[in-house]
Amino acid sequence: MKRAGKAFFTENLLIWNSEINTRNMPWKGEKDPYRIWLSEIILQQTRVEQGWPYYERFIKAYPTVNHLARASDDEVFRHWQGLGYYNRCRNMLAAARTISKDYQGQFPHTYESILALKGVGAYTAAAIASFAYGLPHAVVDGNVYRVLARYFGIQTPTDTTEGKKEFTLLAGELLDKTQSAAYNQAIMDFGAVVCKPQQPACSSCPLSTQCLAYQTGRVEQLPLKTKKIMIRQRFFYYIILIYNKQVYIRKRKEKDIWQNLHEFILLEQPCPVTQAELLASEGYRAALPGVSFKVEGLSAPYKQQLTHQTIIAQFLTLRGKGRAPALEGYQLVPQSMLNDYAFPKTITSYLEKSALGLTLF
DNA sequence: AATGCGGGGCA
DNA sequence: TGCCCAGCATT
């Protein structure tokens, strides 16, 4: 691929990194592949500021990959609670156990063997390979797409097969193979600090004289993306059925959002319904056949915006009468034990706001 | 090639 | 509100 200014780009990016870049993060300069891997998993599609405290907590709770591999699923999910994209947590655990068993706790040393780990894709494998072992693999993440699309004026959408191929090839050509760790760290820091998504610091950018987007007034338009996602609305009605300071919960197993997190008795409806309609619904009769109770109240709607759907949740508190029935798929747990289970943000928000554990029991 | 998967921060 | 974030797995 013939493009102007490649040598200028790499040279001046590295100068910026050594002379101007002051960005600091707990995992920066880290050589322990376990710690690098952990940070990269946490940071997938996640802002540094959001992932930072999670990283600190995970390192403290699990100092080595063997500690993590030995931990129970539920305990690790509790540490992950609130971070989102929960399959990352499941894959992370699977990878930790692979490393602990198949590799005797020694992190794999080649790009291909790192890439084979669960939850590790091209980006994460390149990051670990370069940061931990100095291997010559260029990272391609959201920062890299943005920096390269602007500097080289590339109009190929980044969310296409062609785009991924084109940007990956270019990134590999730009990499300084004698210092791949420094180069990879530099381009991501540069994208985060200078060539930001909004309000990039072009006036102080050392690459602006050769930046095609800057020179042609297209900085705000690049990089390009094609797909626009359809956002679906879902209406969740959670029944909080209480018997003597105990409440029914279950772990979400189905292939859907919040897999492996816990929830109360869920009645999902295709459209908004009133309390009376809910109690007369078919879903209610199926979930709670013949249960006798007193209605405590229906909460206000809790709205949560996910990437592909909007969850509108309401919580209906019922105080059961008589003996607590066994409900298929649900377990009855004391209110005081709720902190031992991982819940989605919508539910923890409700629990905090309603002070369920303080007043209702 | 297209889709699904969280949660938070920002203009 | 819409966009983006140290992406990946699945279909």
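Each chain gets a letter, A, B and so on, in the order the sequences are listed, and its residues count up from 1. Both backbone and side-chain heavy atoms feed into the values below; hydrogens, waters and symmetry mates do not.
- If you check residues 77-92 of chain A against DNA chain B, the residues with a heavy atom closer than 4.0 Å are A/G82, A/L83, A/G84, A/Y85, A/Y86, A/R88, listed by number.
- Judged as a ring pair (Phe, Tyr, Trp, His ring centres under 6.0 Å), and not counting sequence neighbours, A/F131 has no contacts.
- Within the structure, ring-ring contact (aromatic ring centres under 6.0 Å, His included) pairs that include any residue of residues 185-212 of chain A comprise A/W16-A/F190 (at least two apart or interchain).
- Near DNA chain B, defined here as any heavy-atom distance below 4.0 Å, the residues from residues 305-316 of chain A are A/L306, A/T307, A/H308, A/Q309, listed numerically.
- The stretch residues 40-53 of chain A comes close to DNA chain B through A/Q45, A/T46, A/R47, A/Q50, each having a heavy atom under 4.0 Å from the strand.
- For residues 309-331 of chain A, every residue pair satisfying the ring-ring contact (aromatic ring centres under 6.0 Å, His included) rule, not counting sequence neighbours, is listed here: A/Y238-A/F315, A/Y302-A/F315, A/F315-A/Y350.
- Using a 4.0 Å cut-off on heavy atoms, the residues of residues 196-206 of chain A that approach DNA chain C are A/P197, listed by number.
- The two residues A/Y111 and A/A126 have their closest heavy-atom pair at CE1-N, 3.6 Å.
- With sequence neighbours excluded, no residue forms a salt bridge (Lys or Arg N to Asp or Glu O under 4.0 Å) with A/D176.
- Pairs passing the side-chain hydrogen bond (donor to acceptor under 3.5 Å, both in side chains) check and including a residue from residues 35-47 of chain A, sequence neighbours excluded, read A/E40-A/Y123, A/Q44-A/T124, A/T46-A/R88.
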Result block: side-chain N/O donor-acceptor pairs under 3.5 angstrom for residues 279-291 of chain A, not counting sequence neighbours:
from   : atom 1 : to     : atom 2 : distance (Å)
A/S281 : OG     : A/L278 : O      : 2.7
A/S281 : OG     : A/Y284 : N      : 3.2
A/R285 : NH1    : A/A280 : O      : 2.9

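- Counting only residues at least two apart or on different chains, no side-chain hydrogen bond (donor to acceptor under 3.5 Å, both in side chains) pair has a member in residues 197-206 of chain A.
- Hydrophobic cluster membership for A/I15: none, as no Ile, Leu, Val, Met, Phe, Trp or Tyr side chain comes under 4.5 Å of it.
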